[in-house]
Each structure stands twice: as structure tokens, then as C-alpha cells.
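Here's the structure we're looking at; comments come further down.
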Amino acid sequence: MTFALLAITLLIGVTLCYVAVCAASPFGNCRKCSGMGHALKTNRRGQLKRGKDCRRCHATGKRIRIGRWLYNRWARIYRAGTAD
Ligand SMILES: [Zn+2]
């Protein structure tokens, strides 16, 4: 019983923190290019060069957080439903 209560409290806490993060910064760094917006290539001399643009984030280096994405969807549906 105590363990279940603890687990639930922890889960709620983590969820609240995630919601706060989504509200504070709705965009996180792209996981594929880690915020660079493009891949890194090395040329024949071993120097780092800018590679192809990241296709996952369209070279912005940012991705929208799942929580914010869900909120945006919900907000759009809510507005569409309440508009008259
Ligand atoms: Zn990317």
C-alpha cells in the first residue's frame, strides 16, 4: 500500500515536471543531430565539415516535445469545437 502510494506520487511528480518543461520550452534539441541541424563529415585531411542537412528536423536542430505536440493538437481541436 505504502509502496503503491509512493509510486503514484512519484509518477505524478514526474508528469508535472514534464508538463512544466513542455510549457517553459516547447522545443527540445533534435535527437538525430543533437541541435546542430546538419550532420558532421570529415574530409580527407580529417577536418570536420558540415554534412547534409538533417532531414528529421529540416535543418532547424529543434524538435517539438511530445507533450507540447499533444497540447497543440488538443488546443486546435478545442478551438475548432468551440468556435461558432
Ligand atoms: Zn536534426
Side-chain angles (χ1 to χ4, degrees):
M1 184 58 204
T2 322
F3 176 76
L5 207 71
L6 192 79
I8 289 166
T9 312
L10 211 73
L11 217 69
I12 290 171
V14 167
T15 309
L16 280 178
C17 282
Y18 184 67
V19 167
V21 166
C22 282
S25 77
F27 296 96
N29 277 344
C30 173
R31 260 175 281 182
K32 192 167 159 68
C33 60
S34 51
M36 300 278 290
H38 55 84
L40 282 176
K41 244 176 24 177
T42 48
N43 65 11
R44 265 171 263 161
R45 278 190 285 164
Q47 289 172 313
L48 280 176
K49 272 184 67 184
R50 186 198 158 97
K52 280 183 195 163
D53 282 349
C54 179
R55 276 190 297 169
R56 195 178 169 136
C57 60
H58 305 283
T60 57
K62 297 286 168 204
R63 62 174 179 88
I64 195 154
R65 287 185 207 281
I66 288 289
R68 184 64 180 207
W69 183 81
L70 281 172
Y71 170 76
N72 283 352
R73 270 187 81 125
W74 175 84
R76 197 167 304 147
I77 291 165
Y78 180 80
R79 270 197 297 270
T82 50
D84 55 299

In the single-linkage hydrophobic clustering (I, L, V, M, F, W, Y; side-chain heavy atoms under 4.5 Å), do [X] and [Y] co-cluster?
| X | Y | value |
| --- | --- | --- |
| Met36 | Leu48 | yes |
| Phe27 | Ile66 | yes |
| Tyr71 | Tyr78 | yes |
| Leu70 | Val21 | no |
| Ile64 | Val19 | no |

Any idea which heavy atoms bring [X] and [Y] closest together, and the distance?
| X | Y | value |
| --- | --- | --- |
| Leu11 | Thr15 | O-OG1, 2.7 Å |
| Cys22 | Gly67 | SG-CA, 3.7 Å |
| Cys33 | His38 | CB-O, 3.9 Å |

Next on the checklist: Return the CZ to CZ distance between Arg63 and Arg31, rounded to the nearest 0.5 Å.
Outcome noted: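 Answer rounded to 0.5 Å: 4.0 Å.
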Next on the checklist: Can you tell me how far apart CG (Asn29) and NZ (Lys62) are? Round to the nearest 0.5 Å.
Outcome noted: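 Going from the CG atom of Asn29 to the NZ atom of Lys62 covers 4.0 Å.
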Checklist entry - Quick check: does any side chain N or O of Arg65 sit under 3.5 Å from a backbone N or O of Ser25, one acting as donor and the other as acceptor? => result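 Yes, because the side chain of Arg65 sits within donor-acceptor range (under 3.5 Å) of the backbone of Ser25.
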